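One structure is given here, and the rest of the page talks about it.
Quick caveat, the model's predicted, so the values are computed rather than measured.
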Amino acid sequence: MDLKLKDKVVIVTGGSKGIGLGIVQTLIQEQAIPFLVSRNEQSLAAVVAAFKKEGITLNYAVAELTDNAQCKAAIAEAIKTYGRIDGLVNNAGVNDGVGLEKGNYDDFMRSLKRNLAHYYAMAHYALPELKKSKGAIVNIGSKTSVTGQGGTSGYAAANGGRNALTREWALELLPYGIRVNAIIVAECYTPLYKKWIETFEDPQAKLKGITDKIPLENRMTTAEEIGDTVAFLLSEKSSHTTGQLIFVDGGYTHLDRAL
């Protein structure tokens with residue numbers, strides 16, 4: 001299937017690692033032009049260098065996304081580089097473990113800034129260009145917004161906000177033909193996830209305990225599978241899909257609880 005993403009400029013936050021990198025790889029395969037945004041210049045440079053060896057040129061902006069001015073500057077840099085924006089993938093965030101009992105108000109508010117506020121800022125600053133291109137927005141979210149996890153009030157609240165903004169923006173942007181959808185991730189085996197698993201006394205046992213509860217094939221979702229769904233939602237092949245929360249999780253969120 002030709003998704004017709006060739007030469008489409010797509011901003012991907014957190015695009016140098018984990019799920020974000022999986023999204024970038026799929027976009028490159030579809031001949032789109034991903035523009036990476038991250039605070040980690042070292043990882044950005046490494047990704048750019050790796051793709052350069054394959055004859056692929058990538059551009060990026062270094063930005064601390066909790067800083068509104070840096071979000072604005074990142075969007076401006078993308079426009080300066082390519083002259084347009086055809087899509088935005090809000091992906092960057094971290095499950096920072098700010099709970100209710102052991103957390104505090106300041107850390108909770110900081111978690112919202114780290115995980116939600118920049119979704120708004122990036123969409124706000126990209127909007128004039130998305131209106132011109134009739135582009136699309138894809139927000140990456142987490143199962144914590146609907147299942148809870150325990151001990152992560154900030155992250156769960158931020159992801160609930162991502163879901164709400166997805167539907168709010170889908171409605172607000174109808175007049176411009178801009179579609180907005182979200183992908184809800186459950187258990188995706190990223191380097192950060194691997195690092196967390198390795199904190200347990202028996203990492204392999206812990207990992208098996210999780211994958212055994214994933215109904216479809218008892219395995220983790222891959223970053224590439226998230227990337228494939230993002231590409232579809234950005235493309236005109238999903239031209240009548242907006243305001244949707246798409247669960248790419250092997251049935252974990254719904255089927256596991258039903259079973």
Side-chain angles (χ1 to χ4, degrees), residues 12-14 17-23 26 89-103 108 111-120 137-170 180-200 203 206-233 241-259:
V12 183
T13 66
K17 291 182 177 180
I19 290 171
L21 182 55
I23 293 167
T26 298
V89 181
N90 278 318
N91 163 74
V94 59
N95 191 339
D96 46 17
V98 180
L100 178 61
E101 182 180 5
K102 296 181 181 179
F108 177 78
S111 183
L112 295 184
K113 278 193 84 171
R114 295 175 78 183
N115 290 298
L116 178 62
H118 60 84
Y119 275 51
Y120 176 90
I137 298 172
V138 178
N139 294 322
I140 305 301
S142 164
K143 74 177 191 301
T144 58
S145 62
V146 293
T147 65
Q149 178 178 300
T152 188
S153 294
Y155 188 66
N159 275 282
R162 293 174 186 179
N163 295 356
L165 287 179
T166 297
R167 287 180 164 148
E168 167 65 14
W169 295 345
V180 188
N181 293 287
I183 292 176
I184 311 302
V185 182
E187 309 300 328
C188 185
Y189 202 63
T190 63
L192 192 61
Y193 198 108
K194 183 174 184 289
K195 186 177 180 180
W196 174 71
I197 286 289
E198 289 173 348
T199 64
F200 292 90
K206 178 64 177 179
L207 183 61
K208 186 177 186 303
I210 295 168
T211 55
D212 283 350
K213 292 182 173 65
I214 300 173
L216 186 61
E217 300 176 349
N218 301 121
R219 66 169 178 84
M220 292 275 181
T221 306
T222 67
E224 290 74 19
E225 286 168 327
I226 304 299
D228 289 345
T229 310
V230 168
F232 171 71
L233 291 174
T241 301
T242 194
Q244 299 304 305
L245 310 180
I246 312 295
F247 288 77
V248 183
D249 65 355
Y252 182 95
T253 307
H254 297 99
L255 295 184
D256 181 54
R257 282 148 184 79
L259 293 169

Spacing of Cys188 atom SG and Lys143 atom NZ [to the nearest 0.5 Å]
11.0 Å
Other residues, nucleotides and ligands only: do more than 12 of their heavy atoms fall within 6.0 Å of CD1 on Ile197?
yes
Indicate yes or no for a side-chain donor-acceptor contact from Thr229 to the backbone of Glu225 under 3.5 Å, with no hydrogens or angles considered.
yes
So how far is it from Lys194 NZ to Leu207 CG, rounded to the nearest 0.5 Å?
10.5 Å
Rounded distance [0.5 Å steps], CG in Asp249 versus CG in Leu255
8.0 Å
Between Ala223 and Gly18, the two heavy atoms sitting closest are CB-O, 3.8 Å
Where the side chain of Asn181 meets the backbone of Thr241, is there a donor-acceptor pair that is under 3.5 Å apart?
yes
Relative to the ring of Trp169, is the ring of Tyr120 parallel (under 30°), tilted (30 to 60°) or perpendicular (over 60°)?
tilted
Heavy atoms from other residues, nucleotides or ligands near OH of Tyr189 exceed 12 (cutoff 6.0 Å):
yes
What I'd like to find out is whether the side chain of Tyr193 reaches to under 4.5 Å of the side chain of Ile210, using heavy atoms alone.
yes
Distance from Asn90 atom CG to Asn115 atom CG, nearest 0.5 Å?
11.5 Å
Assess the residue pair Arg167 and Leu245 against the criterion (side chain to side chain contact (heavy atoms under 4.5 Å, CB included)); give the C-alpha distance rounded to whole Å, side-chain angles, the decisive distance to 0.1 Å, and a yes or no.
CA-CA 9 Å; Arg167 287 180 164 148; Leu245 310 180; 3.6 Å; yes
Closest non-hydrogen atoms of Glu224 and Thr26, given as atom of the first, atom of the second and distance, are O-OG1, 3.8 Å
Where Thr222 and Arg219 come nearest, the two heavy atoms and their spacing
CG2-NH1, 4.2 Å
Can you measure from CD1 (Ile19) to OG1 (Thr190) and round to the nearest 0.5 angstrom?
6.0 Å
Check this for me: does any side-chain nitrogen of one of Arg114 and Asp96 sit under 4.0 Å from a carboxylate oxygen of the other?
yes
Short question: side chain of Thr211, backbone of Met220 - any donor-acceptor pair under 3.5 Å?
no
Can you confirm whether Phe247 sits close enough to Val146 that some side-chain heavy atom of one is under 4.5 Å from a side-chain heavy atom of the other?
yes
Minimal non-hydrogen separation, Pro215 against Gly251, with atom names
CG-O, 3.6 Å
Backbone N or O of Thr166 within a donor-acceptor pair of the Glu168 side chain at under 3.5 Å?
no
Taking Thr13 for the side chain and Ala92 for the main chain, is one N or O donor matched with an acceptor at less than 3.5 Å?
yes
Please find the pair of heavy atoms, one from Ala158 and one from Leu112, that lie closest to each other, and give the distance.
N-CD2, 3.9 Å
Among Ile183, Val12, Val248, Ile184, side-chain contact (heavy atoms from CB on, under 4.5 Å) partner for Ile140:
Ile183
All heavy atoms of Ser145 vs all of Ser142, minimum pair found to be OG-O, 2.8 Å
Taking Asn159 as the fixed residue, which of Thr144, Leu116, Val185, Thr152 is the one that meets the side-chain contact (heavy atoms from CB on, under 4.5 Å) rule?
Thr144
Nearest 0.5 Å, please: how far is OH in Tyr252 from OG1 in Thr221?
11.0 Å
